[in-house]
Amino acid sequence: MINEVEFCAAPFTHNAFTWIPAFNSMIWLQEITAPKLIIGGKEAWIMPPDQGAKRRHAGSRYSRLVIFENSGHFPFIEEQEPFLKIVGDWIAGLTERQI
């Protein structure tokens, strides 16, 4: 069975301008003890590294930070080969206990 998604501008706009700006994961990020791979693109204008990835890394335990030098917001597209290698190596390095 295929589910259809219908776009409706009013709820999308309400969410984009009300809920998303108010969401703040920083208040509980330290409590997460699972390993984290935090990724950012150096040229990201949606979430610049200083406001996004670097800030989350600094406020997080058990994290590794990777900033893709030749990417904006989509390093998985803009630097696909290095992205897949870094993520694959990071996953391969996890122990059973960490998963």
Side-chain angles (χ1 to χ4, degrees):
M1 173 182 250
I2 297 175
N3 294 325
E4 292 185 25
V5 176
E6 189 173 316
F7 177 78
C8 185
F12 174 81
T13 302
H14 176 77
N15 182 51
F17 291 99
T18 305
W19 296 108
I20 292 174
F23 180 76
N24 183 0
S25 64
M26 296 301 292
I27 57 177
W28 45 263
L29 201 53
Q30 279 287 352
E31 297 174 24
I32 301 172
T33 58
K36 292 167 269 320
L37 178 60
I38 300 174
I39 294 171
K42 182 179 176 185
E43 303 300 325
W45 62 270
I46 294 170
M47 183 66 69
D50 288 344
Q51 288 80 34
K54 289 180 181 179
R55 195 168 144 238
R56 279 173 177 64
H57 175 65
S60 181
R61 296 186 298 167
Y62 314 111
S63 67
R64 176 177 173 211
L65 174 65
V66 177
I67 301 296
F68 286 86
E69 296 295 317
N70 299 306
S71 291
H73 195 64
F74 303 108
F76 58 93
I77 295 171
E78 298 163 312
E79 293 184 71
Q80 189 176 41
E81 285 186 35
F83 177 88
L84 291 174
K85 171 132 181 55
I86 286 169
V87 172
D89 289 350
W90 183 80
I91 291 171
L94 295 174
T95 65
E96 285 255 339
R97 186 168 171 239
Q98 293 172 313
I99 298 175

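- Scanning all heavy atoms of the two residues, the minimum distance from D89 to K85 falls at OD2-NZ, 2.6 Å.
- Hydrophobic clustering, defined by side-chain heavy atoms of Ile, Leu, Val, Met, Phe, Trp and Tyr closer than 4.5 Å, groups I38 together with L65, I67.
- Residues I39 and I86 have side chains not in contact (no heavy-atom distance under 4.5 Å, counting atoms from C-beta outward).
- Both V66 and L84 sit in one connected hydrophobic cluster of ILVMFWY residues. Membership requires side-chain heavy atoms under 4.5 Å apart, directly or through other members.
- Between W28 and N24, the shortest heavy-atom distance links the atoms NE1-O, 4.0 Å.
- By the rule that hydrophobic residues join a cluster once side-chain heavy atoms approach within less than 4.5 Å of another member, I77 and F68 end up as members of one cluster.
- In this structure, G41 and P49 approach most closely via the heavy-atom pair O-CG, 3.3 Å.
- Cluster annotation: I32 is not connected to L94 through the hydrophobic network of ILVMFWY side chains, with a link wherever side-chain heavy atoms come within less than 4.5 Å.
- Using a 4.5 Å cut-off between side-chain heavy atoms of Ile, Leu, Val, Met, Phe, Trp and Tyr, with links allowed through other members, L29 and F23 fall into the same hydrophobic cluster.
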Distance-only check: which donor-acceptor pairs under 3.5 Å involve side-chain atoms of residues 8-21, not counting sequence neighbours?
residue: T13; atom: OG1; partner: A9; partner atom: O; Å: 2.8
residue: H14; atom: NE2; partner: W19; partner atom: NE1; Å: 3.2
residue: T18; atom: OG1; partner: H14; partner atom: O; Å: 3.0

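- Here the shortest heavy-atom pairing between E78 and H73 reads OE1-N, 3.9 Å.
- Residues W90 and R64 are in side-chain contact: their nearest non-hydrogen atoms beyond the backbone lie under 4.5 Å apart.
- Taking every heavy atom of both residues into account, Q51 and R56 meet most closely at O-NH1, 3.9 Å.
- Nearest approach of R61 to K36, heavy atoms of both residues: O-NZ, 2.9 Å.
- Hydrophobic clustering (side-chain heavy atoms under 4.5 Å, transitive across Ile, Leu, Val, Met, Phe, Trp, Tyr) groups L37 together with F76.
- Residue-environment remark: CD (Q30) exceeds the threshold of 12 foreign heavy atoms within 6.0 Å.
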